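Here the structure is laid out as structure tokens; the discussion comes afterwards.
Within every chain, numbering begins at 1; the chains are lettered A, B, ... in the order of the sequence lines, protein sequences first and strands thereafter. Quick caveat, the model's predicted, so the values are computed rather than measured. All values below come from the heavy atoms of this structure, side chains included, with hydrogens, waters and symmetry mates left out.
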There are 2 protein chains.
Amino acid sequence: MDISFNDIKQKFQGCGLKTTPQRTAIYDALLRSTAHPTAEDLFDQVAPQFPMMSLNTVYYTLGVLRTSGLIHEVNIGHTRARFDANLSPHHHLICVECQAIVDVMDPRLNRLTSPAGIPKDFEITSYQVAFRGFCGSCRRHAGRSINHSSSGLHPTTVKGGLHGKSS
Amino acid sequence: MDISFNDIKQKFQGCGLKTTPQRTAIYDALLRSTAHPTAEDLFDQVAPQFPMMSLNTVYYTLGVLRTSGLIHEVNIGHTRARFDANLSPHHHLICVECQAIVDVMDPRLNRLTSPAGIPKDFEITSYQVAFRGFCGSCRRHAGRSINHSSSGLHPTTVKGGLHGKSS
DNA sequence: TGTTAAATAGTAATTATTCTTAAATAGGAA
DNA sequence: TTCCTATTTAAGAATAATTACTATTTAACA
């Protein structure tokens, strides 16, 4: 996920965006991260290089990048927006304790077929699976043992498909 | 999805909750709805019966019901929380234009298996698929024709499983 | 190099939600 | 049935995240 300044400049130009130092730094920070940072996370990360920068600029920049399709907004809970520069189709694993978001790149999840029983005139343009649970450190901290049956998930990966046995 | 006052009373008692008129009305309104209303939606719906009620009570009540496991909070975007009294496992279809949320009950979606490539110590407790797109009325209003290929979804439902052909 | 539309930074405003507190009340005990 | 108490309600204040407004600055193009 390494990218040069010129790559970023080209992407910005391709979207008709000016290449400013702040914008470049924010987008670069997001490209380097897999943690799905908040606007404030990015501000904290970039602010040392730009002592005059305002949090507002981060929000504005993220809005522009999102509108241009260079980044995605990921929402887990309604408290704050999280951002992601990984545009390849993927899904998320969310720790309900510490709110960590981990990318799930299993390509089989990208082959779901249209669900049954939905309005015929609804046009689906994308979908995402959000897996929720407890990350390792939160689980250990709480003294939880793993109990896969509670998820409704099959404990092991089934070769060749995402479905379990028909019930 | 019809439920009597005594059913509600029993559910509240089972969770150690007092059966107050406001709480009953809020939960009843949520049970009758499939629109995944916001706290304010519910307030508007219930307020005529309780002119003195405050929005605060709705928030408090929804918090109590959620903690008791009687309702779920559904988040689409970070702007506001939406609520759902439908506890049976299901998924959602979200209109990115008008923010409508439609339940997707296709049982095949409840049989996904553990995704590959995730940390071994992460315990998944649940998952949900969020399908995004344009509902009929928003699509017609914007003059969009249906283009299923943009979703990565197979246009037709494949009998017997959720996966498409292996590529 | 000059021009201009876009971007930045600072401040204020807005929105959704939570906190605090006092009064009211449901539900169990006497 | 009446009393007691913890819970619930309502009202207003407070908070957190985000957006709006505006003057200044700057990147990109001519």
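In this view, B:R140 and A:D121 satisfy the salt bridge (Lys or Arg N to Asp or Glu O under 4.0 Å) rule, not counting sequence neighbours. Applying the side chain to side chain contact (heavy atoms under 4.5 Å, CB included) test to B:D44 and every residue at least two apart in sequence or in another chain returns B:E40. Under the side chain to side chain contact (heavy atoms under 4.5 Å, CB included) criterion, A:Q13 pairs with A:K9, sequence neighbours left out. Partners of B:D41 according to the salt bridge (Lys or Arg N to Asp or Glu O under 4.0 Å) rule, which considers only residues two or more places apart in sequence or in another chain, do not exist here.
The CG-C1' distance, from A:L65 to C:dA7, rounds to 12 Å in whole Å. Atom CG of B:L42 is separated from atom P of C:dA16 by 14 Å (rounded to the nearest Å).
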Pairs under 3.5 angstrom only: tabulate donor-acceptor contacts from the side chains of residues 62-73 of chain A to other protein residues two or more places apart or in another chain.
residue	atom	partner	partner atom	Å
A:R66	NH1	A:E73	OE1	2.2
A:T67	OG1	A:G63	O	2.9
A:S68	OG	A:V64	O	2.9
A:E73	OE2	B:H78	ND1	2.7

Under 3.5 Å, which donor-acceptor pairs link side chains of residues 16-23 of chain A to any protein atom two or more places apart or in another chain?
residue	atom	partner	partner atom	Å
A:T20	OG1	A:R23	N	3.1
A:R23	NH1	A:K18	O	3.0

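The main-chain N or O of A:A29 is never found under 3.5 Å from a side-chain atom of A:S33 such that the two would form a donor-acceptor pair. The backbone N or O of B:M105 lies less than 3.5 Å from no partner atom in the side chain of B:D103, so there is not a single donor-acceptor pair. Put simply, the side chain of A:R82 gets close to the backbone of A:A35: a donor and an acceptor are under 3.5 Å apart.
Residues A:V129 and A:V104 have side chains not in contact (no heavy-atom distance under 4.5 Å, counting atoms from C-beta outward).
In this structure, the helix from C:dT1-D:dA30 to C:dA30-D:dT1 shows an angle of 30° between the axis at its start and the axis at its end, each fitted on 5 base pairs and rounded to 10°.
Residues in residues 2-58 of chain A take part in these ring pair (Phe, Tyr, Trp, His ring centres under 6.0 Å) pairs, two or more places apart or across chains: A:F12-A:Y27, A:H36-A:H92.
B:F131 contributes atom CZ, which lies 15.5 Å from atom SG of B:C95 (distance to the nearest 0.5 angstrom). Rounded to the nearest 0.5 angstrom, A:L42 CG and A:F83 CZ are separated by 8.0 Å. Going from atom CZ of A:R132 over to atom CG of A:L93 covers 10.5 Å, rounded to the nearest 0.5 Å.
A salt bridge does not link A:K11 to A:D7: none of the charged nitrogens lies less than 4.0 Å from a carboxylate oxygen.
Within residues 51-64 of chain A, the residues that have a heavy atom under 4.0 Å from DNA chain D are, in order of number, A:N56, A:Y59. Less than 4.0 Å separates DNA chain C from at least one heavy atom of each of the following residues of residues 21-28 of chain A: A:Q22, A:R23.
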Within the sub-3.5 Å range, which N or O atoms of nucleotides 27-30 of chain C have a protein N or O partner, and how far apart are they?
residue	atom	partner	partner atom	Å
C:dG27	OP1	B:T19	N	2.8
C:dG27	OP1	B:T19	OG1	3.4

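Taking a heavy-atom distance under 4.0 Å as the criterion, the stretch of DNA chain D touched by chain B extends 5' to 3' from D:dA6 to D:dT18.
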